[in-house]
Amino acid sequence: MRRPGDAAVVKKLRRSSLSGDAYAFVRDLFTNGSRYNPGEKISVEELSRELGVSRTPLWGAINRLEAEGIVEIVPRQGVYLINYDPDRVLEIYEAREALEGMAARLAAERITDRQFAALQANIDEQRERLAKGDVEAYHAKALEFHELIVRIAQNRTLERLLTSILAQIRAMRVQRNYMPMHLPQSCDDHEKLLKALRQRDPDRAEHEARTHMKDLTDEIRRTLQPQPSALAARKNASAAV
């Protein structure tokens, strides 16, 4: 069934170079919450017809998204948008702590004055969003802050891994599986991290980044209640066929 916004996506895809851009378009379609619900089955054939492209670039994008944890390909059943259960969310944040700690360490060694200014401007915008009570806009700027640090680190392998994790964080936001309560504290954490970067202190930068992630993970543990994994249930059903 066609939903609001579908036509715009089709138009963009048809103007794009599919070999380079299909992945970005499909990832946005799967994670922005405008069309697919958590756990919903995705018809590749239907999507191929609607976009007016062959299934080859779509499957290429879907395979990448499965590796990133955005979708799951269940044998003999199809492709499903991941529904993030508490265990999966905690695993992602635990991995994020280690990876963002390393990104901050490297960024402290490589950051430029211009990049300092960009990070400070981002934090200023975070506070503006908080003052206006615009939580969604705040989260968008906060994720952008972390993405900036990853790019400053200049490590392609690390950037690829964290790009995957941050894409999953966006998907979680859309699913409303996790709603942070201590937003001003998170913004303060970003200020502490920026201070460590400004001092070009790798140890301190890694410490601040990991402490920030630990706080978020602890909050998730307090707020999320364990529940059966829909994905596990589908896998068991598949095995029984």
Listed by chain and number, what are the side chain to side chain contact (heavy atoms under 4.5 Å, CB included) partners of [X], not counting sequence neighbours?
| X | result |
| --- | --- |
| Asp113 | Phe116, Arg200 |
| Ala153 | Ala103, Leu106 |
| Leu161 | Leu99, Thr157 |
| Glu159 | Val150, Arg151, Thr163 |

Would you name the heavy atoms of [X] and [Y] that are closest together and state the gap between them?
| X | Y | answer |
| --- | --- | --- |
| Gly101 | Ala209 | CA-CB, 4.0 Å |
| Gly39 | Asn83 | N-CB, 3.9 Å |
| Ala95 | Ile165 | CB-CD1, 4.1 Å |

- Message: Among residues at least two apart in sequence or on other chains, which ones pass side chain to side chain donor-acceptor pair (under 3.5 Å) with Glu97?
- Response: Arg210, Lys214
- Partners passing side chain to side chain donor-acceptor pair (under 3.5 Å) against Glu144 (at least two apart in sequence or in another chain): Asn122, Lys141
- Are Glu100 and Leu166 close enough, and set up right, to give a side chain to side chain contact (heavy atoms under 4.5 Å, CB included), and what steps lead you there? CA-CA 11 Å; Glu100 291 219 27; Leu166 293 176; 4.0 Å; yes
Treat each ILVMFWY residue as a node, draw an edge where side-chain heavy atoms are under 4.5 Å apart, and state whether [X] and [Y] are in one component.
| X | Y | result |
| --- | --- | --- |
| Tyr84 | Leu162 | yes |
| Leu148 | Leu143 | no |
| Tyr23 | Leu47 | yes |
| Ile152 | Leu158 | no |

- Residue from Ile73, Ile62, Val26 passing side-chain contact (heavy atoms from CB on, under 4.5 Å) with Val44: Ile62
- Set of ring pair (Phe, Tyr, Trp, His ring centres under 6.0 Å) partners for Tyr138, sequence neighbours left out: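 Counting only residues at least two positions away or on another chain, Tyr138 forms no ring pair (Phe, Tyr, Trp, His ring centres under 6.0 Å).
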- Query: By ring pair (Phe, Tyr, Trp, His ring centres under 6.0 Å), which residues pair with His207, not counting sequence neighbours?
  - Reply: none
- Residues in salt bridge (Lys or Arg N to Asp or Glu O under 4.0 Å) with Glu91, at least two apart? none
- Query: Under 3.5 Å, is there a donor-acceptor pair between the side chain of Asn37 and the main chain of Glu40?
  - Reply: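 No, the answer is negative, given that no donor and acceptor are paired below the 3.5 Å cut-off.
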Rounded to the nearest 0.5 Å, how far does [atom2] of [Y] lie from [atom1] of [X]?
| X | Y | atom1 | atom2 | answer |
| --- | --- | --- | --- | --- |
| Ser43 | Glu50 | OG | CD | 8.5 Å |
| Leu90 | Asp218 | CG | CG | 9.5 Å |
| Ile149 | Leu193 | CD1 | CG | 4.0 Å |
| Leu216 | Thr211 | CG | OG1 | 11.0 Å |
| Ile42 | Phe30 | CD1 | CZ | 4.0 Å |

- Any ion pair linking Glu125 and Arg129 (charged N to carboxylate O, less than 4.0 Å)? yes
- Carboxylate-amine/guanidinium contact Glu68 Arg170, below 4.0 Å: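 Looking at Glu68 and Arg170, the cut-off is not met.
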- Any pair counted as salt bridge (charged side-chain N to carboxylate O under 4.0 Å, His left out), so long as it reaches residues 102-112, sequence neighbours left out: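 Counting only pairs at least two positions apart or across chains, the salt bridge (charged side-chain N to carboxylate O under 4.0 Å, His left out) contacts touching residues 102-112 are Arg105-Asp203, Arg105-Glu206.
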- Task: Scan for salt bridge (charged side-chain N to carboxylate O under 4.0 Å, His left out) pairs involving residues 190-199, sequence neighbours excluded, and state none if there are none.
- Result: Arg127-Glu191
- Query: Is there any ring-ring contact (aromatic ring centres under 6.0 Å, His included) pair reaching into residues 141-165, and which pairs are they, with sequence neighbours excluded?
  - Reply: Phe145-His190, His146-His190, His146-His212
- Message: So Arg96 and Ile169, do their side chains get closer than 4.5 Å, heavy atoms only?
- Response: yes
- Is there side-chain contact between Leu119 and Ile111, with heavy atoms separated by less than 4.5 Å?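 Leu119 vs Ile111: side chains touch.
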- Item | Derivation and outcome, side chain to side chain contact (heavy atoms under 4.5 Å, CB included), residues Leu194 and Gln120 | CA-CA 8 Å; Leu194 181 58; Gln120 184 61 67; 3.2 Å; yes
- Task: Given side chain to side chain contact (heavy atoms under 4.5 Å, CB included), test Tyr93 with Val89 step by step and report yes or no.
- Result: CA-CA 6 Å; Tyr93 268 85; Val89 172; 4.1 Å; yes
- Task: Step by step, work out the side chain to side chain contact (heavy atoms under 4.5 Å, CB included) result for Ile70 and Ile82.
- Result: CA-CA 6 Å; Ile70 303 298; Ile82 291 291; 5.7 Å; no
